[in-house]
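See structure below.
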Amino acid sequence: MPRASETPPAGGGPGPLRRLAFRTRLWAKRARIVGVRVARLVRTGMQRLWPGILYLLRAVQRKWRRSLQFRTVLTTLMLAMGSFAVVGAYLSNQIANNLFQERLAQAESETRYNVKQVQDTFDGAQVTDQSSVITLVYDTLNAVEGRGSVIQRRYVFEAMPEQTKPRNRWVESRASDQLTIGVIPPDLRKAVQDSGKDQYWASTQFPVGTEDRPGIAVGNKVTFNGTVYELYLIYDLNTAQKTLDEIQNVLLAGGALLVLMIGGVAWYVTRNVVSPVSHAAVVSEKLAAGQLQERMVVKGEDEVARLGASFNHMAASLQEQITQLATLSQMQQRFVSDVSHELRTPLTTVRMAAEVLYDARDDFDPINKRSAELLYNQVERFQSLLADLLEISRFDAGAATLDAEPTDIVQLVAHVIEGVAPVAAEYGSAVTLNAPAGSVIVDMDDRRIDRILRNLILNALEHGEGRPVNVSVAASDTAVAVAVRDHGIGMTPAEAARVFDRFWRADPARARTTGGSGLGLSIAAEDTKLHDGWLQAWGSKGHGSNFRLTLPLRRDEPITRSPLQLEPVNVGLPEAGRQRTVVLPDPLRTAGRGTSAEGSAGGYADGVDGDFSGDGGSGTAGGAIPDGGSAGTRGTGTEGRA
């Protein structure tokens with residue numbers, strides 16, 4: 001019904017158009033709604049299925065990387081399927097081409113024979129009335145149709161267009177099985193129309209019942225009563241097509257079966273080869289884990305069996321050697337521990353006697369006085385070596401324990417630097433501490449960390465050639481690092497890799513002037529391992545060395561990155577308010593100059609990027625020295641040395 005405010009148009013003109021437009025808009029809106037809902041469903045389905053697809057792809061990728069058998073079998077299957085696809089396509093094409101050529105040759109031969117029969121019949125016909133002509137054409141073409149032969153022929157009989165004479169022809173067109181001239185390809189018709197007595201053919205499709213069948217259309221010209229006709233005989237190729245389909249199905253089924261058989265053979269062969277390898281990998285992992293009694297199962301006398309026997313022989317030899325080494329190591333550790341303990345009592349007696357002689361050395365002649373001093377110093381060194389040996393024996397026996405407590409590492413570093421002041425004065429080196437202004441609390445055993453830092457700083461002073469030594473502290477959210485940088489003789493990367501070995505020395509001819517035992521850095525490395533930290537060394541010949549100690553702020557928290565860079569850059573002045581600077585006096589400065597500080601020296605360590613950096617500066621650090629005289633050190637430019 002029209003709306004109340006509208007007047008129905010007269011004659012029904014615009015009204016139906018408006019209703020049609022309204023319905024069109026309505027259906028378009030509904031189609032959009034349906035499209036949006038379908039898109040949402042598809043998106044939701046993909047969102048739910050996508051994780052499963054990704055999981056499956058990752059599982060296949062992981063299996064491909066980790067399984068040699070899976071990779072070999074899958075590769076074999078893919079190559080086999082590709083090979084069978086190529087061979088099957090080639091065979092199918094050859095079979096189809098041979099069947100078609102055979103049917104085409106037969107069709108052309110039969111067409112020539114039948115067209116000649118039709119033309120002879122038309123030429124010898126003595127008919128003049130319409131009914132006789134129609135009957136003759138019908139009987140002749142039915143005879144050509146050839147029902148019951150191997151290849152069923154159908155015909156299309158059509159008068160050529162644009163013929164003006166004669167006008168009294170009574171047959172224009174005729175076809176079998178309700179075919180029309182439309183089933184004949186236009187190119188074929190044009191070729192037949194433009195030719196003389198030549199024969200042409202073309203592939204086509206024609207309807208039979210409810211299906212379209214493939215066929216070959218062969219065309220010729222015939223003449224009847226002065227009228228030229230196009231005669232096309234159509235040969236059914238449905239039987240050949242069915243034969244080709246059956247052959248293709250057989251090829252497909254046989255190919256699939258062969259692919260499965262090849263996959264099974266590949267799986268069986270690779271399993272026989274890969275299984276011993278996998279078993280050897282499992283046994284080797286157990287051997288690496290310490291289960292030295294594990295062996296491979298050996299069956300047969302083939303190459304794999306010989307491999308297993310050789311592997312077992314190697315494992316037995318390794319077990320024997322490792323057992324001997326372990327026994328020797330235990331004996332060595334026990335010997336070192338026993339000797340160290342046994343030497344403590346006589347060493348204490350010798351030390352007491354040496355102290356008595358040392359205290360009375362002023363009453364001796366110069367030779368005996370010097371002998372008393374040497375005895376005292378060497379006994380002190382011997383006692384230090386004995387203490388280090390006892391500590392190493394505790395590490396080897398696994399008896400070392402960690403007594404960790406929250407401690408300010410900055411204060412500990414400053415305390416260590418103050419403790420080595422006499423040694424620094426002896427070597428003539430200034431020690432500078434570059435540390436954050438606040439406290440850095442670390443869960444650590446302060447006794448062991450004190451020993452590590454003391455050893456690193458003393459080594460830096462000994463090898464620093466009298467140049468400044470920079471100690472830097474920096475912290476991140478999870479770790480703290482302490483770097484000890486000297487500017488002395490340095491060391492090569494190969495020497496830095498061995499510097500923590502026991503009793504190892506880069507230069508065996510170099511004397512130990514600080515009484516070291518050669519075990520200090522080894523003990524420091526063991527102390528660092530107890531803290532789950534890092535102790536690393538860097539060196540460059542002629543440019544000094546840098547030792548970096550990295551500790552976790554809290555126990556059982558792994559270290560991912562050190563706050564300080566191992567290979568340092570130049571150290572400059574600290575930023576105001578961020579760092580503290582501790583400068584030990586230069587021992588060559590005399591007491592007559594008093595204590596003065598004309599500038600500042602130091603630098604800051606960037607705790608994020610782990611680089612030593614600074615703006616440089618100049619200054620002098622000095623202090624009181626008992627024997628008088630003065631000297632100082634200056635740091636200028638970008639190096640910022642104190």
Side-chain angles (χ1 to χ4, degrees), residues 100 102-240:
F100 182 80
E102 181 183 356
R103 298 299 189 271
L104 176 61
Q106 187 175 358
E108 289 181 330
S109 175
E110 290 186 5
T111 300
R112 289 191 186 93
Y113 175 78
N114 285 280
V115 168
K116 184 178 182 303
Q117 292 250 341
V118 170
Q119 189 63 59
D120 291 344
T121 302
F122 286 164
D123 291 342
Q126 301 293 329
V127 290
T128 56
D129 59 293
Q130 181 178 2
S131 60
S132 299
V133 170
I134 293 174
T135 301
L136 176 65
V137 171
Y138 177 76
D139 292 340
T140 302
L141 293 178
N142 282 342
V144 170
E145 195 171 17
R147 297 182 182 275
S149 61
V150 176
I151 300 179
Q152 294 293 328
R153 290 186 299 272
R154 291 169 177 78
Y155 66 86
V156 175
F157 188 71
E158 182 79 16
M160 287 187 59
E162 300 179 0
Q163 293 188 77
T164 58
K165 293 180 180 181
R167 296 181 177 275
N168 60 347
R169 63 176 181 268
W170 293 296
V171 179
E172 290 288 339
S173 63
R174 192 170 186 84
S176 61
D177 290 342
Q178 299 179 352
L179 297 179
T180 62
I181 194 64
V183 301
I184 306 302
D187 294 339
L188 177 60
R189 288 201 63 189
K190 187 175 185 306
V192 172
Q193 292 171 5
D194 295 341
S195 69
K197 295 296 183 179
D198 295 332
Q199 179 174 277
Y200 295 91
W201 67 272
S203 298
T204 185
Q205 285 186 341
F206 60 94
V208 177
T210 58
E211 63 175 345
D212 289 338
R213 292 185 179 181
I216 300 175
V218 184
N220 286 272
K221 285 182 181 179
V222 294
T223 305
F224 182 51
N225 285 342
T227 301
V228 180
Y229 290 90
E230 303 170 27
L231 177 59
Y232 299 97
L233 297 184
I234 302 174
Y235 294 84
D236 192 353
L237 297 182
N238 189 51
T239 303

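Just so it is clear, the values below take in all heavy atoms, side chains as well, and ignore hydrogens, waters and symmetry mates. Please read these numbers as outputs of a predicted model, since none were measured by experiment. Residues take their numbers from the sequence shown, with the count starting at 1.
- For the ring-ring contact (aromatic ring centres under 6.0 Å, His included) test, residues two or more places apart in sequence or in another chain that qualify with Phe157 are Tyr229.
- Here Leu179 contributes atom CG and Ser173 contributes atom OG; the two are 12.0 Å apart, rounded to the nearest 0.5 Å.
- For the pair Asp123 and Thr223, the tightest heavy-atom approach, listed with the atom from each and the gap, is OD1-O, 4.1 Å.
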Q: Could you give me the CA-CA distance, side-chain angles and deciding distance for Leu231 and Leu141, then say whether side-chain contact (heavy atoms from CB on, under 4.5 Å) is met?
A: CA-CA 10 Å; Leu231 177 59; Leu141 293 178; 3.9 Å; yes
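- Rounding to the nearest 0.5 Å gives a distance of 4.5 Å between CD1 of Ile216 and CG of Leu237.
- To the nearest 0.5 Å, atoms CD (Glu110) and OH (Tyr113) are separated by 10.5 Å.
- Scored by the side-chain hydrogen bond (donor to acceptor under 3.5 Å, both in side chains) test, Gln199 finds Asn220 as partners (sequence neighbours excluded).
- A distance of 5.0 Å separates CZ of Arg213 from CG of Asp236, quoted to the nearest 0.5 Å.
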Q: Might you work through the side-chain contact (heavy atoms from CB on, under 4.5 Å) test for Thr111 and Trp201, ending with a clear yes or no?
A: CA-CA 10 Å; Thr111 300; Trp201 67 272; over 6 Å; no
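- Here the straight-line distance linking atom OG of Ser109 with atom CG of Asn114 works out to 9.5 Å at 0.5 Å rounding.
- Residues meeting the side-chain hydrogen bond (donor to acceptor under 3.5 Å, both in side chains) test with Arg174, sequence neighbours left out: none.
- Proximity of Tyr232 to Val192: side-chain heavy atoms (C-beta onward) are separated by under 4.5 Å at one or more points.
- In terms of heavy atoms, Arg189 sits closest to Pro161 at NH2-CD, 4.3 Å.
- Between the side chain of Thr121 and the main chain of Gln117, a donor-acceptor pair closer than 3.5 Å is present.
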